[in-house]
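In what follows, a single structure is set out as structure tokens and then discussed.
For ligands, and for the atoms within them, numbers begin at 1 and follow the listed sequence.
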Amino acid sequence: ATAQQLQFIKDSIKTIPDYPKPGILFRDVTSLLENPLAYAASIELLVERYRDAGVTKVVGTEARGFLFGAPVALALGVGFVPVRKPGKLPRATLSEIYELEYGTDQLEIHTDAIVAGDKVLVVDDLLATGGTIEATAKLIRRLGGEVNDAAFIINLPELGGEARLNKQGIECYSLVC
Ligand code: PRP
Ligand code: ADE
């Protein structure tokens with residue numbers, strides 16, 4: 001990744017003050033999605049990083065993780081597995097409760113979507129406290145999948161997510177902060 005490519009991606013992301021509540025600086029990836037060159041560049045940089053990493057599945061977390069995880073999975077030639085908010089998945093599921101920057105939530109995965117030995121790359125739009133991806137990794141590991149890597153478009157380092165995930169044995173890669 002060149003500094004110029006990363007700056008182009010960063011410049012495409014608008015920051016909205018006081019959304020969804022006062023004091024939050026909301027990094028709005030919908031503005032990146034609206035720019036086809038920035039969207040393509042962000043996917044290409046993630047794919048470049050993991051092309052030869054032996055990944056067998058990509059997991060993306062609802063909702064914005066789908067927008068980046070699914071194209072990365074397609075480009076890597078592996079399956080995409082959605083982790084969803086409660087009650088959305090039709091087959092048997094496992095569930096984890098987690099905390100996020102502004103509230104608590106619950107995530108679910110299909111129990112048959114990960115098989116023992118899967119080498120899973122987790123993709124999301126943004127890393128804040130790391131609670132979402134910690135819960136996602138727990139779901140994958142409960143099913144016997146390996147999670148060594150998580151990739152993001154944006155990292156908010158002051159919220160400590162990277163250190164938290166590193167403690168769980170997960171290496172983080174992000175394009176901008
Ligand atoms: C946002 C974002 C990440 C997560 C990051 O999702 O897309 O998934 O929060 O926060 P964390 O590192 O503190 O866990 P959100 O839960 O708002 O759901 P959405 O994508 O459905 O809007
Ligand atoms: N999810 C959690 N914190 C966020 C932030 N500051 N901007 C966008 N999405 C987020």
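- At least one heavy atom of D124 sits under 4.0 Å from some atom of ligand 1.
- At least one N/O-N/O distance between A128 and ligand 1 falls below 3.5 Å.
- In this structure a side-chain-to-backbone donor-acceptor pair under 3.5 Å is present from D28 to T30.
- A chain of hydrophobic side-chain contacts below 4.5 Å, direct or via other Ile, Leu, Val, Met, Phe, Trp or Tyr residues, connects L45 to L121.
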**Study point:** Residues T111, R91; criterion side-chain contact (heavy atoms from CB on, under 4.5 Å); working and verdict
**Key:** CA-CA 8 Å; T111 55; R91 305 196 304 269; over 6 Å; no
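- Under the 4.5 Å side-chain criterion, counting only non-hydrogen atoms from C-beta, I133 is in contact with F152.
- Of all the atoms in ligand 1, the ones that sit under 4.0 Å from a non-hydrogen atom of D125 are 2 (C), 3 (C), 7 (O).
- Assignment of E134 to the shell around ligand 1 is not supported, since no heavy atom sits closer than 4.0 Å.
- Judged by the shortest distance from any of its heavy atoms, G130 lies inside the 4.0 Å radius around the atoms of ligand 1.
- Between the choices L126, L25, T129, the shortest heavy-atom distance to atom 6 (N) of ligand 2 belongs to L25.
- Atom CG of D18 has more than 12 heavy atoms from other residues, nucleotides or ligands within 6.0 Å.
- Between F68 and Y39, the distance from one ring center to the other falls under 6.0 angstrom.
- Looking at T132 next to ligand 1, an N or O pair under 3.5 Å apart turns up.
- Between I133 and ligand 1, no pair of N/O atoms sits closer than 3.5 Å.
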